[in-house]
Amino acid sequence: MIVDLHSAQRITEAEAARTGLGTGPNRRLRLTMLIGMPLVFPVIGVMILVPEFLRDDVLYVYEAGIIGCLLHYAWVFAKYPRYAGRPPYLTRDLAMGGGFYLPSLLLGFWPGMIAAPAWALFVGVSYAVEGIRERHGRR
């Protein structure tokens, strides 16, 4: 079996994207998720330790971080709007933005409680619409 350089590179990228942190946009989204989501627990700890007049400020900074993470997901989606043009496993990583629901729920941040699941639903619906569009376009 002869594999050209482009095919070998795609196979390598797919394997890297599937395991570990991946490369390129997959890596950026996974790092965004791995840094942003578990950070809620140290934030809660800091809120317990700081004086009462600073607690709201700590909370606002973390909430701004959640918004930044979700905007980063939207930016990556804008760069790769079509499923066919996305690196392997990027659709799955984009849908993982819905995971910011839990930290938002823990802190009572209602914009995150609405935006995170809506984001995951948006990615899923856009994937389904594109699949239907491709299926009808071939006939």
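All figures in this text were calculated on a predicted structure; none of them were measured in a lab. Throughout, numbering of the chain's residues begins at 1 and tracks the sequence.
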Partner set under ring-ring contact (aromatic ring centres under 6.0 Å, His included) for Tyr60, not counting sequence neighbours
none

With sequence neighbours left out, what residues match Phe122 under side-chain contact (heavy atoms from CB on, under 4.5 Å)?
Phe77, Trp119

Of all residues at least two apart in sequence or in a different chain, which pass the side-chain contact (heavy atoms from CB on, under 4.5 Å) check with Ile114?
Trp110

For a side chain to side chain contact (heavy atoms under 4.5 Å, CB included) with Pro42, tell me which candidate from Val40, Leu39, Ile44 qualifies.
Leu39

Do Ile35 and Val46 belong together in a cluster built from hydrophobic side chains that touch within less than 4.5 Å?
no

All side-chain contact (heavy atoms from CB on, under 4.5 Å) counterparts of Leu54, not counting sequence neighbours
Val50, Pro51, Asp57

What's the spacing between Arg27 CZ and Leu34 CG if we round to 0.5 Å?
10.5 Å

ring-ring contact (aromatic ring centres under 6.0 Å, His included) partners of Phe41, counting only residues at least two apart:
none

Please go through Tyr127's hydrophobic cluster and name the other residues, only I, L, V, M, F, W, Y counting, with side-chain heavy atoms under 4.5 Å joining them.
Tyr83

Minimal non-hydrogen separation, Leu70 against Ala115, with atom names
CD1-CB, 3.9 Å

How about CE on Met96, more than 12 heavy atoms from neighbouring residues, nucleotides or ligands closer than 6.0 Å, or not?
no

Are Ile48 and Leu107 linked, directly or through intermediate hydrophobic residues, by side-chain heavy-atom contacts shorter than 4.5 Å (ILVMFWY only)?
yes

Can you list every salt bridge (Lys or Arg N to Asp or Glu O under 4.0 Å) pair that touches residues 99-115, not counting sequence neighbours?
none

Evaluate the side chain to side chain contact (heavy atoms under 4.5 Å, CB included) criterion for residues Met47 and Leu59: first the C-alpha distance (whole Å), next the side-chain angles of each, then the deciding distance (0.1 Å), finally the verdict.
CA-CA 8 Å; Met47 287 175 61; Leu59 183 62; 4.2 Å; yes

Let me confirm one number: the CG-CZ distance from Leu105 to Phe100, rounded to the nearest 0.5 Å.
14.5 Å

Using a 4.5 Å side-chain heavy-atom cut-off and chaining through intermediate ILVMFWY residues, the residues clustered with Leu121 come out as Val125, Val129

Grab the two heavy atoms, one from Ser104 and one from Gly112, that are nearest each other, plus how far apart they are.
OG-CA, 3.3 Å

Please tell me whether Ile66 and Val61 are part of a single hydrophobic cluster in this structure, the criterion being side-chain heavy atoms less than 4.5 Å apart.
no

Tell me the salt bridge (Lys or Arg N to Asp or Glu O under 4.0 Å) pairs involving residues 112-130, sequence neighbours left out?
Arg82-Glu130

Val43, Leu31: one ILVMFWY side-chain cluster at the under-4.5 Å cut-off?
no

Only pairs at least two apart or in different chains count here, so list each side-chain hydrogen bond (donor to acceptor under 3.5 Å, both in side chains) that has a residue in residues 66-78.
Thr32-His72

For residues 104-129, which residue pairs pass the salt bridge (Lys or Arg N to Asp or Glu O under 4.0 Å) check, not counting sequence neighbours?
none

Partners passing side-chain contact (heavy atoms from CB on, under 4.5 Å) against Leu90 (at least two apart in sequence or in another chain)
Pro25, Asn26, Leu29, Val76, Tyr80, Arg86, Pro87, Leu94

Smallest heavy-atom separation, Gly36 atom then Cys69 atom, equals CA-SG, 4.3 Å

